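Bear in mind the structure is a predicted one, so any value in this text is a computation, not a measurement. In listed order, ligands and their atoms are each counted from 1.
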Amino acid sequence: MMTTLYNPLVNGFHPDPSVVRVDDVWYLATSTFEYLPGIPIHRSHDFETWELIGHVATRPGQLGVEDVPTAGGAWAPTLRHRDGVFHLVVSDAMGRGMLHFTATDAAGPWSDGASILDVDGIRPLDGIDPDIAWDHDGTVVITYSGLILDGPERGRHLGIQQARVDLDTHRATEPVRSIWSGTGGQFPEAPHLYAHEGRWYVLIAEGGTERGHGISIARGDRPDGPFETAPHNPLVSARSTIRPVQNTGHGDLVVGPDGHWLCVLLGVRPRSMTRAFSALGRETFVTPVRWRDDGWPEIDPVQLSPRPGTAREISFDVPLDREWIAVRALPGQVARVADGRLVLRGTGATLDDPRPVFVGRRQEHLTNEVTVDIDVSSGTGGIAVRYDERFHVEVEAGDGAVRARAVVAGLVQEWRHEIGSAPMPLQLHIASRRPEDAGGLARTSDVFHLAATVGGERIELAEVDGRFLSSETAESFTGRVIGAYAVTGEVAVTRWRVSGSDE
Ligand code: 6LW
């Protein structure tokens with residue numbers, strides 16, 4: 001069987017991938033920050049087709065994201081499997097801290113999540129990006145990035161840290177120690193430990209999650225080192241190259257179909273004259289790995305190889321599928337499906353609020369078009385593309401008007417068109433299209449076209465430069481999420497059409 005390695009492997013906001021093979025099935029986990037449900041689990045039987053089978057955090061309280069600041073929440077899981085149990089460790093940044101979840105079925109339900117405590121059993125280990133590995137005697141080794149996010153030492157980085165942990169008490173059995181922390185790049189993070197042919201390998205990301213990102217490796221005889229750095233680090237980095245997939249780093253190794261090793265990792269697809277703006281944020285990619293005769297792995301640069309475009313129509317006479325996410329709340333807490341309608345009840349909170357009444361889906365394609373049928377006869381609301389509460393673009397209806405609005409770091413521009421008491425439903429449209437051809441000199445990623453169709457007449461409300469909703473401009477760890485929202489009263493969506501492509 002020849003595997004086609006599609007890249008992106010999983011489109012749209014899916015950073016920090018971790019993958020595990022169980023027999024001939026692969027499971028993949030990614031970060032979700034302040035969105036819920038948290039930490040999607042995708043499953044594949046061939047490494048080509050990935051199905052979203054569930055999430056780790058599906059109940060209030062498993063993650064403390066209800067109250068985390070923007071960019072906090074579920075960061076960088078590691079997914080492993082041992083003796084019939086799935087283990088997932090993750091940092092709930094500025095929330096509950098470092099956590100360990102288990103499940104017998106990766107689709108869930110997952111456990112409540114236990115804090116991984118220091119040797120005194122008082123505080124969670126201070127850091128991010130935990131890895132879980134088992135030494136040959138069965139001892140659990142937790143390796144993580146010592147970036148301190150809370151308290152007086154906030155911002156300090158202690159490099160890669162490690163401790164053995166007793167999973168019965170979730171307490172470290174020894175003080176943490178520093179291990180190999182890369183070749184000197186900033187933010188050594190995302191460690192993963194592997195036992196392979198008699199040696200232990202520690203794979204890490206370094207250089208920061210932006211253009212300098214990369215993956216480096218070292219090896220030793222024991223899981224705690226000492227480690228010898230590979231002669232050819234970094235194994236992966238797109239920095240200073242013209243490759244279409246940039247920021248490649250934060251990876252995890254796995255044996256793929258046919259026994260070939262693969263590395264799943266994050267990357268972005270920046271566009272514009274200087275490849276400056278990544279509309280969708282950090283996505284999951286995959287690339288081949290080969291073990292050399294000298295016992296070091298080699299990792300290929302990531303090749304862009306997008307899947308064909310998609311077109312979907314979503315109706316609301318069945319429960320919401322798993323792709324819907326909400327901000328600091330579960331989708332069911334802000335929206336309900338009734339009588340073929342997706343109903344949202346406004347609380348007065350707008351999209352500028354950290355807790356908007358909003359449910360959305362990731363934008364999966366660079367060129368994308370969403371049209372919804374919406375009834376705003378008893379409320380105001382609409383559809384929006386959201387990075388966070390300071391960066392969003394929307395088309396809103398209600399109070400006798402349709403309005404396009406762009407909110408960019410507190411700057412607001414609005415375009416308004418009176419419609420009086422128009423017949424319901426209306427159609428609202430948000431498209432992300434390629435900028436006009438400027439001979440390779442287009443100075444943005446894409447352009448939003450914001451429109452409404454009222455009584456059969458299409459009203460083009462505005463065009464907005466797409467760069468304002470890119471991970472670089474928003475300085476965001478997440479990506480574009482397109483959803484429906486309500487501000488006041490009741491807003492009902494009856495049809496959702498989305499299509500897109502990556503050509
Ligand atoms: C994550 C760190 C990183 O914890 O960004 O790219 C942080 N890597 O490893 C948030 O995703």
In ligand 1, which numbered atoms sit nearer than 4.0 Å to a non-hydrogen atom of [X]?
{"X": "A76", "result": "4 (O)"}
{"X": "H213", "result": "6 (O)"}
{"X": "L266", "result": "6 (O)"}
{"X": "R282", "result": "3 (C), 5 (O), 6 (O), 8 (N), 10 (C), 11 (O)"}

Quick test: of every protein heavy atom, which one is nearest to [atom], and how far off is it to 0.1 Å?
{"atom": "atom 3 (C) of ligand 1", "result": "E189 OE2, 3.3 Å"}
{"atom": "atom 1 (C) of ligand 1", "result": "D129 OD1, 3.5 Å"}
{"atom": "atom 6 (O) of ligand 1", "result": "T209 OG1, 2.7 Å"}

Inset, instruction - Would you check if the side chain of E298 reaches a backbone N or O of L235 as a donor-acceptor pair within less than 3.5 Å? - result: no

Legend entry - Result of checking W291, W180, Y194 against Y201 for ring pair (Phe, Tyr, Trp, His ring centres under 6.0 Å): W291

One thing to verify: whether [Y] and [X] come together as a salt bridge, which I'm taking to mean a side-chain N less than 4.0 angstrom from a carboxylate O.
{"X": "R361", "Y": "E323", "answer": "no"}
{"X": "D465", "Y": "R443", "answer": "no"}
{"X": "R96", "Y": "D67", "answer": "no"}
{"X": "D321", "Y": "R312", "answer": "yes"}

Inset, instruction - Using the ring of W296 (Phe, Tyr or Trp, six-membered ring only), decide whether R219 places NZ or CZ under 6.0 Å from its centre and within 45 degrees of its axis. - result: yes

Legend entry - Close N or O approach (D16, ligand 1; < 3.5 Å):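 Right, the criterion is met.
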
Inset, instruction - Return yes or no for this condition: an N or O of W75 is under 3.5 Å from an N or O of ligand 1. - result: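 So ligand 1 has no N or O lying under 3.5 Å from an N or O of W75.
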
Legend entry - Close approach, F33 and ligand 1, non-hydrogen under 4.0 angstrom: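 True for this residue.
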
